[in-house]
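Here is the structure we will look at, set down as structure tokens.
For clarity, every value in this text was computed on a predicted model and none was experimentally measured. Start at 1 with the first residue, then count along the sequence.
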Amino acid sequence: MAWRFKVSKYKNAAPKFPKKEELIQDIPVHDVTQSCGNHIKASSVYIAFNIDSAGGGNLGYLPLSASGRQGNTLPIIQAHGDFVTDFDFSPFDDYLLATGSQDNKVNLWLLPNEAAVSTLSEPLTSLPLFERRVENVLWNPQVDGILAVTSNTTVKVYDVTGADGREIFNFSNHGDQIQSVSWQGDGALLVTSCRDKKIRVIDPRSGKVVQEGNGHQNIKDSRVLWLPGKDFILSTGFSQTRSREAKIWDPRNLSSSLGTVPIDSSTGTIMPFYDPDTYMTYLIGKGDTTLNFLELVDKDPYLTPAGVDRTEQIKGAALVPKRAMDLMAGEVNRLVVLCRNSIIPVPYIVPRKSYRDFHSDLFPDTQSGEPGLTADQWLNGQNTEPKFVKLEPKSRLILRNRRGFLINGPQPESPSQKSPPSKEGGKVYSNDETVKKSSQQDMVDSKKNQVPYTPTPDQEITAATHEKPGVSQVKANIQKPAVLDEKPRSIPKPIKPFSGVRQSKFRHIQGQLLHPSTFITNVRNVCKTMPGESDMFAANVTRCAVPTDSFGGCMHIFEFSQATKLPDTGVPIIQNGSKVADFAWDPFDDSRLVVVTDNAKINVWKIPEGGLAENLEEPEYSMKGHMEKIYFVRFHPHARDLIVTASFDMTVRIWDLAQRKEVLRLEGHDDQVFCLSWSSDGKFCATVSRDGFVRVFEPRKSPSPLRKGVGPAGIRGARVEWVLQDKYILVSGFDKNSLQQVIIYRLSDLEKLNAVDVTTSPAILIPYYDPDSSVVFLTSRGERLIYTFEVSEEEPYLFECTSFKLDTLHQSVSYLPKHVCDVRKVEVARAWRLTLNSVEAVSFTVPRVKLEYFQDDLFPDTRVTWEATLTADEWLAGKDKPQRCISMKPVDMIPLSQAPADAPKIKKFESFNVDTFKTDEQKKEELLNAMVGKLEISSEPLPQLLTEGVEDAEWVSC
């Protein structure tokens, strides 16, 4: 079988994001300074990470099993006098941490036992002062006590065995600042990437550059990572056109890369991570919201995509050592992601039918955490293969007795613990380690200044299984009296795989452009300067309106029934006399268009049947009441002839088009109103404004807000939408760093329940909510992505669905009423999108198997939003009338809920033919019939009855 058809056991590995209470929350990360480090590192015991600190460089640290809110109880390391640029845990001591800083220092720290975490201020030792700030610190992966440090154009290697460190190598021939460094898998060579756009392979023991080649052709931050097992070098950086890319190199020849993987055009530094046991590779960008999982292969394309998953905005990330995995859960890797005020552990789980048994095929032997060489052996020119350990639940994988081993020397061992290392399959396996017992006084001291954290069952089990089974059993028998009537332990029930993952019918919603014959092409002179409060494009079932960049507020009106390539000139328009600010179609009359302009006028247009045949210069009528420029216009969802507008005069006004006058006015806004949205029942409206508040009004009862809550922090713009039967409000806006956010509020108290970071963009996310599916569609001007989230009353309230990426950028998207959807194709939404030169139809469908049935689980009865239920006068008088609902089911389709049950599916590995399959009862009947059939019924005497006998006289007595 060719290599490209080989199936990987890990290609379906998926991240299992923890629940909110399982995150590490309330940590002061916020905005960390840009540096060449990853801002977070993990050992098998601890996590260390950058935090905000005034007047110095502090790190926070926590046990790997920590969770929950930390706040003021967070233990910190008062590491340096300036920002900590990089830090690294020793691969052979989970408690030994090296830190480098902008104060030109490198310090070594010995962290306490997990039960005694507290603030640290005195380092174990410090290296000599550097001339410039330290950029990178990295331990040798095979040699104990060898530390590489980069500063400006210099890379130095130190031997830190014992109390003090000594410099053993200094290479300063880089042309510019060193941006990253990585050791070869066996610890023999170093590779560096530099601001001079070159990649160098260095032999520190000979002091020579072994290989040198041109790397990424941009001076922005780049990274290199030596890939053990495959002996490749992975580099990430920016191309000459400032797009991000990854490259694979042969360390024996850096004249050209083996392959290049283009990524995207974002600006964040790509941090590469690699697991040599499974060849799983991760490319994670600073400031991104996605985790890119790839697999490394031996031939082109070298990196094959395996999955992309979204999370919060990423400040930093780290890969947890394999010795800390939850083996019984199928966890093959774990990332820890540093966000603005939290740390998210992201385990990658390989799906299996059951996790009750240990799946040894998922866990190849991994490095044991013991050094292969001492520093003196390495300096004398020796090389060695890594030591491996079998990943088994019963193995003692976390070597706590190596704490302080490098500085204080080896701990004494009993003769029973000493055994020669074993060899199997050409790999060297380490000896079993035991945990050194602390004295009683140490146990008393460890309880002082203890920081509360939540230990996981993994940590408790690991700590409980560090001793040999025989010794532990003897101790238990001595210390615990026997109980004769002790009840046997109950066997734990098997956990269903991914039982904690929320199932969604719309998780894999798909978008696609309809046939080009439906497009309107060759659209000229589309306006690109519409205000941010406007959606810029509006469509109904019959036609659409497109603003142009012409003088006088000109607009195109295109008929969808006349989809074609437009001529270059002579396309009819309507003229508003002043620049268009916003416009909206009457939801109950496809021919009526309301346009608001810069000169505070409201123009009402009546489009002729069949579309424009000539230019229209005068609207049907105009209204004026606002004193300054109008921001937007919205129609009431139930009442005919009722619109609402907002203006620079800080007022929101409701108009009756039938009477052509203002009828209500809303007040209480202190700054510009970004958006207004009516509730689905038409009783309430919600606004979001520049003053940073969300307000809810009941216009017929009071001009003042009914309630008020804190809105988005950014002032660029925002949108508001009612969701989940008007119990919640969804707001899209920006945080104070101009990052796009989607926020969900509870209507009863306008409490902010959750905020999801989307991406960094200057454009406002425009939401459209489908009440039948509870899916919200979001996109922004100048984007090619349409994001989808399912809104739920379950935490965290917003569940991301599949995003739809188009080939070209669009200016806006306008969605149509539900009754135009083709339910036979499971189409849940349809829209028109405006590009700079066309109007294109977009369809959103949900993949299903039984398309011959009506998918009644996806299509509930829908509200008739295209028919008015009230007049403006009736609504103003206080009357309410709900919209009627209709079924979307075609008359010739059977609902899926009434479909006949499927025949039992054939088990994948069942060894029988379907045609000859027999039940157990049938087999029993056949067996009995066969046994009876062998018993012949005959009238002839038995053979023994036909034998001749003898007379009694012939018997001789004895």
Side-chain angles (χ1 to χ4, degrees), residues 15-32 39-43 45-54 58-79 84 111-120 289 310-318 320 324 326 334-347 446-460 500 502 709-710 712-713 735-737 739 741-746 749-757 793-799:
K16 185 177 181 181
F17 291 96
K19 298 178 181 178
K20 188 173 182 181
E21 58 268 19
E22 296 173 352
L23 306 181
I24 301 174
Q25 302 182 75
D26 197 13
I27 56 175
V29 179
H30 305 299
D31 299 314
V32 294
H39 305 307
I40 184 171
K41 288 291 178 69
S43 70
V45 176
Y46 278 112
I47 309 172
F49 47 92
N50 284 110
I51 59 174
D52 275 351
S53 53
N58 293 347
L59 296 177
Y61 77 102
L62 286 167
L64 193 61
S65 58
S67 63
R69 294 187 176 276
Q70 302 302 318
N72 296 329
T73 64
L74 176 70
I76 63 174
I77 305 173
Q78 298 171 352
V84 181
L111 305 187
N113 290 315
E114 299 96 302
V117 290
S118 59
T119 297
L120 304 179
T289 56
R310 294 184 64 84
T311 182
E312 298 182 29
Q313 188 185 29
I314 299 167
K315 301 292 186 181
V320 178
D326 185 358
R334 189 191 309 165
L335 292 168
V336 282
V337 179
L338 183 68
C339 301
R340 183 175 178 79
N341 57 5
S342 64
I343 295 175
I344 305 176
V346 185
S446 67
K447 296 181 180 179
K448 297 179 180 179
N449 303 322
Q450 185 172 349
V451 175
Y453 70 94
T454 307
T456 63
D458 303 335
Q459 183 183 2
E460 296 174 358
R502 183 180 184 275
V710 178
D735 67 3
K736 65 179 182 180
N737 297 319
L739 177 69
Q741 280 188 330
V742 180
I743 308 171
I744 190 87
Y745 295 86
R746 185 188 295 110
D749 53 6
L750 288 185
E751 178 188 356
K752 184 187 293 186
L753 301 177
N754 189 20
V756 176
D757 295 337
E793 295 190 46
E794 305 173 10
E795 292 187 3
Y797 305 100
L798 291 170
F799 298 88

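The closest side-chain heavy-atom distance from T311 to V346 is not below 4.5 Å. With a 4.5 Å cut-off on side-chain heavy atoms, V84 and N50 count as touching.
Rounding to the nearest 0.5 Å places CG of N58 at 9.0 Å from CD1 of I77. Going from atom OH of Y61 over to atom OG of S118 covers 4.5 Å, rounded to the nearest 0.5 Å. In this structure, CD in E312 is found 10.0 Å from CD in Q741, a value given to the nearest 0.5 Å. To the nearest 0.5 Å, the span separating CD on Q70 from CD1 on I51 amounts to 11.5 Å. Separating the CD atom in E21 from the CD atom in E795 is a distance of 7.5 Å, to the nearest 0.5 Å. The structure places CG of L120 at 8.5 Å from CD of Q78, a figure rounded to the nearest 0.5 Å.
Nearest approach of R340 to V29, heavy atoms of both residues: O-CB, 3.1 Å. F17 and I344 make their closest contact through CD2-CG2, 4.4 Å (heavy atoms, listed as atom of the first residue, atom of the second, distance). The two residues A42 and A318 make their nearest non-hydrogen contact at N-CB, 4.1 Å. Scanning both residues, E22 and S67, for their nearest heavy atoms gives O-CB, 3.6 Å. Contact record, P18 with P345: CD-O, 3.1 Å, taken as the closest heavy-atom pair. Of all the heavy atoms in H39 and K315, the pair that sits closest is CD2-O, 3.2 Å.
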Inset, instruction - Go through the steps to decide whether L338 and I27 satisfy the test side-chain contact (heavy atoms from CB on, under 4.5 Å), and finish with yes or no. - result: CA-CA 10 Å; L338 183 68; I27 56 175; 4.2 Å; yes
Inset, instruction - With side-chain contact (heavy atoms from CB on, under 4.5 Å) as the test, would you mind laying out the steps for I47 and I24 before giving the verdict? - result: CA-CA 11 Å; I47 309 172; I24 301 174; 4.1 Å; yes
Inset, instruction - With side-chain contact (heavy atoms from CB on, under 4.5 Å) as the test, would you mind laying out the steps for V320 and L64 before giving the verdict? - result: CA-CA 9 Å; V320 178; L64 193 61; 3.7 Å; yes
Legend entry - Audit row: Y46, E114, side-chain contact (heavy atoms from CB on, under 4.5 Å) steps and yes/no: CA-CA 8 Å; Y46 278 112; E114 299 96 302; 4.2 Å; yes
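Side chain of N113 to backbone of A115: no donor-acceptor contact under 3.5 angstrom is found. Panel note: side chain Y797, backbone Y745; no donor-acceptor pair is recorded below 3.5 Å.
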